[in-house]
Amino acid sequence: MSRPVRTRIAPSPTGDPHVGTAYVALFNWALARRLGGSFILRIEDTDRQRSTGASERMILEALRWLDLQWDEGPDRGGPFAPYRQSERTAIYREHAERLVAGGAAYPCFCSRERLDALRAEQKAAKAQLGYDRRCRALAPAEAARRRAAGEEHVIRLAMPVDGETASDDLLRGTITVANSQVDDQVLLKSDGLPTYHLANVVDDHLMEISHVIRAEEWISSLPKHVRLYEAFGWEPPVFCHLPLLRNADRSKISKRKNPVSLEHYRAAGILPEALLNYLALMGWTMPDERDQFSREDFVAAFRLESISLGGPVFDLEKLGWLNGKYLRDLRPEELLARLRGGPLADSYLLTILPLVQERIETLADFVPYAGFFLAGEVSYEAQALPRLAAPGRGPAATAKAVQELLEGHLDPILEWQVAAVEQALTSFMEASGWNAKELFMPLRVALTGRTATPPLYETMAALGKERCRWRLRRAVEVLRAMKA
Ligand code: GLU
């Protein structure tokens, strides 16, 4: 008897909600919907240093915006709760012990220093990198004694030394890897928390996931996962690794070349249904080769086996074109409703009005004055453009500074507010030696297209992270093209 279809999306809440998460979620959701199964949301927050509640909230919010509804998840519970890995640590520990007891895993007492030295040696000798399995040779009684004495250790998977592991991928067929190429993966860290590999396999099994549909980058982990299923004596799910989304130059999609945060697309006024439709075209072709289709039509036609592996290019122009088609299909009342839910939402207008109010004389001044708050991209006023570059620094140095500010100080902000923006600008100035007199005018111009604006921090906070990011990125390009 085949098992009930249960798919899942398992994001790690370590940053902005990523377009790749939506892409993988869409295919998992569609399969579950087509086959009358369940779609589960699980939060993989085992990396305690990098995981944040703010990121988790944003991911859930973004998936809701796309209307990819999950049947079970941390917010709505379900028969396999909890759905947040940080609340399941006892389960992973117990499973790691089970493997140790059966000889499929072992405690490793090697210190960080030893592992670093080993790695350096292997690098120098151009040898295969990986743990040399020293602790695997310890007698179990000796290992147990050292553990009982409280000696710091991790638990590692004992990969078979000989032979091969064959893993099946629905789209790629059988992938065979020599076991000697696979490292003895750490399963449980010295703080007792699991690594991704252990937690992911244990949860997929306990949550009765039937199909693991995920990004291609996880393929190299597959032999370890298959070995874990074997060691536990569990039947593995169907694995299907989706092709990576690519930038226009065919490199792996990255924020340097393409906006990757779902928040960007929302702020840029892309309709959620257009984005979903566009993502569905990444590796999928409708039988009648239509570009525009509803999610219902997609679900009805969708076959996991028919996904094509040629790296799909995430092309902003095509997305814009498709979004335009969706916009034109709306009745004016619907379009109004979309505007009122987006750029013209009361909550947004109420944030910008205090900044605008002091600077206008008539109601008629509002639209021309506030244009930069409402637009996607800004156009630079003719007299403002030369001031995009800081005098005395020049365009190239200004481009470099803006990029550093963006990537090192603004990108990491999850809760975008006046204080956080101020703090980021201050920390950038401390680190770089730029001062406010040099920095603020270029930022003002980059963000608003003008030289006279409401106060910078408040303006940035009101514009929101995505508009700021987008405009600063464009300013970097414009500065790079400027003559010194
Ligand atoms: N937490 C992993 C991620 O964020 C999940 C990968 C998987 O689906 O197995 O990509």
Side-chain angles (χ1 to χ4, degrees), residues 5-32 38-60 62-63 68 70 72-74 80 82-89 92 157 167-172 175 185-187 189 193-229 234 236-245 252-255 260-262 279 282-283 304 307:
V5 169
R6 291 175 56 81
T7 62
R8 78 339 184 240
I9 180 78
S12 299
T14 53
D16 293 318
H18 197 281
V19 69
T21 303
Y23 167 59
V24 174
L26 170 65
F27 284 75
N28 275 283
W29 172 86
L31 187 77
S38 306
F39 171 53
I40 287 100
L41 172 68
R42 182 173 75 226
I43 293 294
E44 299 209 328
D45 56 350
T46 54
D47 183 341
R48 299 310 296 151
Q49 240 100 60
R50 296 176 59 229
S51 299
T52 64
S55 169
E56 178 184 316
R57 279 192 297 282
M58 285 165 72
I59 293 172
L60 265 63
L63 293 174
L68 290 173
W70 49 97
E72 300 165 27
F80 301 97
Y83 292 90
R84 198 178 280 116
Q85 290 189 328
S86 58
E87 294 164 21
R88 301 172 61 83
T89 46
Y92 311 125
L157 176 64
S167 330
D168 291 321
D169 177 272
L170 188 82
L171 300 173
R172 294 168 177 78
I175 303 167
Q185 176 66 47
V186 173
L187 300 176
K189 294 176 278 191
L193 292 177
T195 57
Y196 155 73
H197 306 278
L198 178 68
N200 185 271
V201 164
V202 166
D203 283 348
D204 282 343
H205 173 74
L206 295 180
M207 297 181 180
E208 299 181 4
I209 300 303
S210 61
H211 294 70
V212 167
I213 305 167
R214 64 183 162 198
E216 187 175 335
E217 58 191 299
W218 298 106
I219 267 203
S220 57
S221 304
L222 197 52
K224 293 172 187 171
H225 294 189
V226 166
R227 173 64 195 141
L228 278 169
Y229 279 97
W234 296 337
V238 173
F239 290 106
C240 175
H241 292 83
L242 297 178
L244 276 185
L245 300 182
K252 174 181 166 183
I253 198 167
S254 64
K255 65 177 170 204
V260 291
S261 168
L262 290 168
L279 288 171
M282 302 284 100
L304 199 51
I307 291 174

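Worth knowing before you read on, the calculation uses all heavy atoms, side chains too, and leaves out hydrogens, waters and symmetry mates. Remember, it's 1-based here, ligands and their atoms both numbered in the order they're listed. In this chain, residues are counted from 1 in sequence order.
Of the candidates His205, Glu44, Gln85, Glu44 is the only one forming a side-chain hydrogen bond (donor to acceptor under 3.5 Å, both in side chains) with Asn200.
Within the 4.5 Å cutoff, no side-chain heavy atoms of Gln185 are placed close to those of Arg227. Between Leu63 and Leu68, the closest side-chain pair of non-hydrogen atoms falls below 4.5 Å.
A donor and an acceptor atom, one from each side chain of Asp47 and Tyr196, are nowhere located under 3.5 Å apart.
Taking Glu72 as the reference, Arg6, Ser38, Ile40, Pro79, Phe80, Tyr83 meet the side-chain contact (heavy atoms from CB on, under 4.5 Å) condition, with sequence neighbours excluded.
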Next on the checklist: Would Glu216 and Arg172 count as a salt bridge (Lys or Arg N to Asp or Glu O under 4.0 Å) here? Give the steps.
Outcome noted: CA-CA 11 Å; Glu216 187 175 335; Arg172 294 168 177 78; 3.7 Å; yes
Measure from every N or O atom of ligand 1 to the protein's N or O atoms and keep only the pairs below 3.5 Å, writing each with atom names and distance to 0.1 Å.
unit_1	atom_1	unit_2	atom_2	d
ligand 1	1 (N)	Ala10	O	2.8
ligand 1	1 (N)	Ser12	OG	3.0
ligand 1	1 (N)	Glu44	OE1	2.7
ligand 1	4 (O)	Ser12	N	3.4
ligand 1	4 (O)	Ser12	OG	3.4
ligand 1	8 (O)	Arg8	NH1	2.6
ligand 1	8 (O)	Arg8	NH2	3.4
ligand 1	9 (O)	Arg8	NH2	3.0
ligand 1	9 (O)	Tyr196	OH	2.8
ligand 1	9 (O)	Asn200	ND2	3.0
ligand 1	9 (O)	Arg214	NH1	2.9
ligand 1	10 (O)	Trp218	NE1	3.3

